[in-house]
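What follows is a single structure, written as structure tokens, with notes after it.
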Amino acid sequence: MKRNRDLEKSYSPEGIEQKWYDDWISKDLFVAKTVNSPQDGAPSPKGHFSIVIPPPNVTGSLHMGHAFNNTFQDILCRTRRMQGYDVLWLPGTDHAGIATQNVVERDIEKGGATRHSLGREKFVQKVWEWKELYGNRIIKQMKRLGNSCDWSRERFTLDDGLSKAVREVFVRLYKKDLIYKGKYIINWCSRCHTAISDLEVEYEDVNGKFYYVKYPFADGEGAKDDGIIITTTRPETILGDVAVAVHPRSENSRFVGRKVRVPLTGRIVPIIEDNMVDPEFGTGYVKITPAHDAVDYLVGKRHDLEQLQVIDSKGIMNENALSYQGLTIEEARKKTSEDISKLGLMVKVEEIIHSLGHCQRCRTTVEPFLSEQWFVRTKPLADRGVKVVKDGLIKWFPEQWEKTYFQWMENVRDWCISRQIWWGHRIPAWTCQDCGHITVYENDPAECEKCGSINIVQDEDVLDTWFSSALWPFSTMGWPEKNPDLEYYYPTSLMVTGFDIIFFWVSRMIMMGLEFMDEVPFKDVYIHSLIRDEKGHKMSKSSGNVIDPLDMIDKYGADGLRMALAALSTQGRDILLSSSKIETFRFFMNKLWNAARFALMNLDDEKKEIIFSDLRLHDRWILDRTQDVIESTTKLIDEYNIGEAARSLYDFVWGDICDWYIEMAKPSLHGDEGDKRRNASQAVLEHVFHSVLLLLHPFTPFVTEELWDAFGYGEKGCGKPIVISEWPVRDECFRFESSKNEMIFLQETVRVIRNLRAEAGLTPQQLVNSVYIQTENKEYSDILASNKSQLAMLCKVKDIEFMSDAGEKKTGGCLSEVTAFAEIYLFVGDILDIDSEIKRLEKDMEALQKNLSVNLSKLGNESFISRAPAEVVEQERQRSIEAQAQIERIKNNMESIRRL
RNA sequence: GGGCGGAUAGUUCAGCGGAAGAACACCUGCCUUACACGCAGGGGGUCACAGGUUCGAACCCUGUUUCGCCCACCA
């Protein structure tokens, strides 16, 4: 083994991370196998493990959510790669229609341009330029995190291949009547100037006014009841009223069939009955405005009412709004309410808090708006999506999310997929100007498929971004073409994402995957929690509480950040992150580094075999623990419980290896117990580090690769990089069950003695001459007796005495503590000072040496030898030998005390 | 209105049927040749409340209180 013992005294990630990432990339270690191709050959007997990354927005930059999500996926991919699976982690980015368009619009505004002043073609060109400039930023950031993605397969949702898939899907769905075009009430953002889907509307409580308005009877019968009172929050929509509704079984239903006069417009409208009215709410009378309210729209449909539009797509009152034409919604609201008051029809106005929809992208209030849009008929697709989960073909982690999914899927409504923006996949539909027929086709058609006219124009709208995202698991692998990747890596193994996009994305991928691949898009879905700031608030630029993962990588290293994210994660609870929490794990990287440094300082180049007869308790214990950790880590990762996996590795390294094993192995590593023991400890240490580096690699790829190399396991030592080294498995040879309990005896005793020492106020320089242990437990006393030197090492005690009754010792200056196994006594008077102990020994030695030199001079004197009797000479000779031995012993003694 | 999740040490959270744990923070000692990004020790908890199941409950069941989140056609 070629060891590198020349490690820095503390771990600094700079340089190391970049070095290894470049190395991995240059060796194509993340490039997935193209199975059955001439260069890659047959698939692994283990099979495949594939993940498609949730594609981040091209204009975005890496935030903590991405960092967490990507770390999770990377841990799985790296583990599976080491386990011998054919791993594909497919990366890419999303064109993010409205979001990106908004960003670029804001950018060109600085130069005084608008998208309309540029025109469609030029504007789209601008967005592409933007994408070329900044679209790569997030990819670079992912690389710094250590993502082991196959960058050779990187995709973008507007790539040619993916665009082709989008068209194919659109056409097939249209032909199956699963896509249709129609005039419906949709959510309209007057700022983005486009329709948005139900999911893109976010409801928020806002202050508003609740107007009580009287609608007089118009049929002359109501002499006594001169009218009814409706309630509304939007008086400007009174201009579009075409009816008033009551609940059929309410008190108010007695007026059904009568007519009232709508204020301002003077329109005579009927009172109708509809179940949608809550008789308990407001006055129990609801004005019906089918063109400007989603509920009213449905009521209008049921009762065949006119859809009277009074507001246009820009949020301006239109020609139907009489004198209010040209006003904005806000202006019209003020004016109409004033005018109603003037007419004496405003009964009262209340302040209320009500929930209002806002555009997810720009926070503008969303208006219900009647317009012609494209929709996906979702129900038939959803039914299948529900079934596969019920049948267990897709498993959710944590399981509870399954319910959320079912709830949405079982009540799913048609999906509005057309957007009145320019950045995205343009809808492949052409309307014939002559016959009005709509031609929907994969390739741009030259003529109307019905009448053959060449006078056809393509639909102006583009598709919802999520339409292309829904195809991501198979469109990225080449669909609709047949392709070895698609055949081998689809369905993917796992989807990792946040709960916020279960409806937007996960459910739609399931529906599309089933429709077009006839198979689920992934077998497991892992829904992770949200990252929040330390106070539990959502991180956002506006509140200034963002912890930038790139800053954290600069400060603490990618490994520290990754370990923190992994270890802090728990199932089903949000993660409250702070810089200091990440720091804790940076310290862990240093601890690992130094433990490895210690090991390297104590290992020879030659690799030692583990010889069982030379092992002592702590050796057997750490070998046994290592096997347990190998097994449990593997199991936890299989269950996607990376939080527990990371935490248990942390505890194992810090608590078991550093705090106990290394401390206990020091005497033998220093050679105090002879060569055999030194070899044994070296062999054990090597095994432990070899295993733990492998186990930690998915979590902290960079340090582990660096240390792997330093131990000589990497290419310099004629091995392989850790990235592609074999994942460890439990070695049954190293199962030492009894070591677990025996070690507990020892640890418990050490803790108690240390505790007693602290109670007695002893300094580290003070040596306890002896502790007395009273116990009936033979096994316990045997274990302690055979580990005296470790005990001395760990708690600075010279000797242990066992006794059945310590009664006579319990006088003055005695401290004691009872444990589960024994009662332990320490006498405050029975303390040796290390320095004076050494002085005492030095004195002894001096005296001995004096005697010895006298002896030796006698033996060197010829007249003494010739005159003295033979037995006296022999006696003197014996004495000198004894003295020499004793000096040797005292020397050793001094050495070991000095070490304490 | 429906659904989901949380309530455990000062703080952030693990634990989810068998003697209350970690990390920060706090207090006391220590620069002991792997590590002060460290070592050793310490204080601190009716595990939200009330019932129940069990030999045994922080953990299971039933309520209650309370804080979040998601969905839904309260105009």
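Naming: A, B, ... by sequence-line order, numbering from 1 per chain.
- One finds a salt bridge joining A:Arg647 and A:Glu644 here, because a Lys/Arg side-chain nitrogen approaches an Asp/Glu carboxylate oxygen to under 4.0 Å.
- Residue A:Lys591 places no side-chain N or O under 4.0 Å from the OP1 or OP2 atom of B:A34.
- Whole-Å rounding puts the A:Arg333 CZ to B:A75 P distance at 12 Å.
- With both ends at atom C1', the span from B:U66 to B:C49 equals 10 Å, rounded to whole Å.
- Side-chain nitrogen and oxygen atoms of A:Lys287 include none within less than 4.0 Å of the OP1 or OP2 phosphate oxygen of B:A75.
- An OP1 or OP2 oxygen of B:C39 is reached within less than 4.0 angstrom by a side-chain nitrogen or oxygen of A:Trp654.
- We find that CD1 of A:Ile353 is positioned 15 Å from C1' of B:C74, with the value rounded to whole Å.
- Distances shorter than 4.0 Å separate some side-chain N or O of A:Lys666 from OP1 or OP2 on B:A34.
- Distances shown here put a side-chain N or O of A:Arg413 below 4.0 Å from the OP1 or OP2 atom of B:A72.
- Atom pair A:Glu202:CD and B:A72:P shows a separation of 12 Å (rounding to whole Å applied).
- Considering only side-chain N and O atoms, A:Asn755 lies under 4.0 angstrom from the phosphate OP1 or OP2 of B:G42.
- Base pairing annotation: B:C59 forms no Watson-Crick or G-U wobble pair, as no partner gives both donor-acceptor distances under 3.5 Å.
- B:A9 and B:C69 have their C1' atoms separated by 27 Å, given to the nearest Å.
- Nucleotides B:C70 and B:C35 have their C1' atoms positioned 47 Å apart, rounded to a whole Å.
- Nearest nucleotide to the side chain of A:Cys658, out of B:A34, B:G3, B:C71: B:A34.
- Ranked by how close their nearest RNA chain B nucleotide is to the 5' end, A:Phe585 and A:Arg532 are led by A:Phe585.
- The phosphate of B:C24 has neither OP1 nor OP2 within less than 4.0 Å of any side-chain N or O from A:Ser580.
- Taking atom CE on A:Met793 and atom P on B:U33, their separation rounds to 11 Å, with Å as the unit.
- As rounded to whole Å, 16 Å separates atom C1' of B:G1 from atom CG of A:Asn275.
- Here B:U12 sits opposite B:A22 as a Watson-Crick or G-U wobble pair (both hydrogen-bonding atom distances under 3.5 Å).
- Taking every side-chain heavy atom of A:Ser10 into account, B:C37 is the closest of B:C37, B:A34, B:C13.
- When the C1' atom is used for both B:C4 and B:C74, the distance is 23 Å, rounded to whole Å.
- When ring centroids are compared, A:His528 and A:Phe68 come within the 6.0 Å threshold.
- Atom name P, nucleotides B:U8 and B:C13: the rounded distance is 9 Å, in whole Å.
- We find that CD of A:Gln407 is positioned 12 Å from P of B:G5, with the value rounded to whole Å.
- Nucleotides B:C39 and B:C24 are separated by 10 Å at their P atoms, to the nearest Å.
- Partner assigned to B:U64 is B:A48, using Watson-Crick or G-U wobble distances below 3.5 angstrom.
- For A:Glu663, taking side-chain heavy atoms from C-beta onward, the closest of the listed nucleotides B:C35, B:U12, B:C73 is B:C35.
- In this structure, A:Asp198 places its CG atom 11 Å from P of B:C71, rounding to the nearest Å.
- For an aromatic pair to be called close, the ring centres must be under 6.0 Å apart, and A:Trp654 with A:Tyr650 satisfies this.
- Here B:C37 is the nucleotide among B:A34, B:C73, B:C37 with the atom lying nearest to any side-chain atom of A:Arg586.
- As a whole-Å value, the separation of A:Leu356 CG from B:C74 P is 12 Å.
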